[in-house]
Structures are given as structure tokens and as C-alpha cells.
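Read the structure below first, then the notes.
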Amino acid sequence: MNLLRPVLGMLGLAVGFGLYAAANRYGDPVASLLIGMMFVVLGALAIWYAKGERWIQVLGAVLALYGLLRMTVLH
């Protein structure tokens, strides 16, 4: 069993929550733009990382779409 993968997952989760909290300090509309950009980047990285796993590509597309909506419509 590869123990590095769960450790990196927990580290990534902690970093993500930290970035989300840091972006919320700026207030709207800057916070919505920053958080939306984070979701777009996360979705793009998930699509790139997937390499043939369709469900990860779909999840990445949903995350990227949510990020775009967060930057434009959902304030």
C-alpha cells in the first residue's frame, strides 16, 4: 500500500482550505474572483491528471464550470 498518496491528499486538502480562507479575507468581488480562479485551476489540473479516467475528467469539468460561474454569476 502506498502511504504517500493519502498523506499528499490530506496536505492538499489543508492547503486548499487555507487558500479558501485567505481569499475570503478580501471581500467581494475580489474573493469571488480568486475562489473562482482556484476552482478553474483545480478543474483544469484534474482534467490534465486524469489521463483516460472519464469520471475524473467529468469532475474536473464540473469544478472548472463552477469556478467560471462563481467568477461571473454566483456572488
Side-chain angles (χ1 to χ4, degrees):
M1 182 162 146
N2 187 359
L3 293 178
L4 185 61
R5 188 173 182 137
V7 170
L8 288 177
M10 293 301 291
L11 181 64
L13 198 58
V15 168
F17 278 118
L19 288 174
Y20 191 87
N24 269 332
R25 292 183 183 165
Y26 290 103
D28 276 335
V30 176
S32 290
L33 288 173
L34 290 174
I35 293 169
M37 284 190 286
M38 283 189 270
F39 275 102
V40 169
V41 169
L42 181 63
L45 288 173
I47 292 170
W48 174 73
Y49 174 77
K51 296 188 176 144
E53 292 190 50
R54 183 69 61 197
W55 73 273
I56 296 176
Q57 290 174 335
V58 170
L59 177 63
V62 168
L63 288 171
L65 180 64
Y66 173 74
L68 289 174
L69 288 173
R70 174 84 188 232
M71 288 190 298
T72 58
V73 180
L74 304 174
H75 292 267

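It should be emphasised that the depicted structure is a prediction, and the values quoted were computed from it without experimental measurement.
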List in chain and number order the residues that pass side-chain contact (heavy atoms from CB on, under 4.5 Å) with Arg54, two or more places apart in sequence or in another chain; answer none if no residue qualifies. Gln57, Val58
Step by step, work out the side chain to side chain contact (heavy atoms under 4.5 Å, CB included) result for Val15 and Leu19. CA-CA 6 Å; Val15 168; Leu19 288 174; 4.1 Å; yes
Applying side-chain contact (heavy atoms from CB on, under 4.5 Å) to Leu13 and not counting sequence neighbours gives Phe17
Give every residue pair that meets the side chain to side chain donor-acceptor pair (under 3.5 Å) criterion with at least one member in residues 6-23, sequence neighbours excluded. none
What about Leu42 and Leu74, same hydrophobic cluster or not, with Ile/Leu/Val/Met/Phe/Trp/Tyr joined at side-chain heavy-atom distances under 4.5 Å? yes
Report, one line per pair, each donor and acceptor closer than 3.5 Å where one atom sits in a side chain of residues 26-39; sequence neighbours left out.
| residue | atom | partner | partner atom | Å |
| --- | --- | --- | --- | --- |
| Asp28 | OD1 | Ser32 | OG | 2.9 |

Can you list, pair by pair, the side-chain donor-acceptor contacts under 3.5 Å of residues 43-51, counting residues two or more places apart and other chains?
none

When the side chains of residues 63-72 are checked against the rest of the protein, which donor-acceptor pairs come out under 3.5 Å, sequence neighbours left out?
| residue | atom | partner | partner atom | Å |
| --- | --- | --- | --- | --- |
| Tyr66 | OH | Arg70 | NH1 | 3.4 |
| Thr72 | OG1 | Leu68 | O | 2.9 |

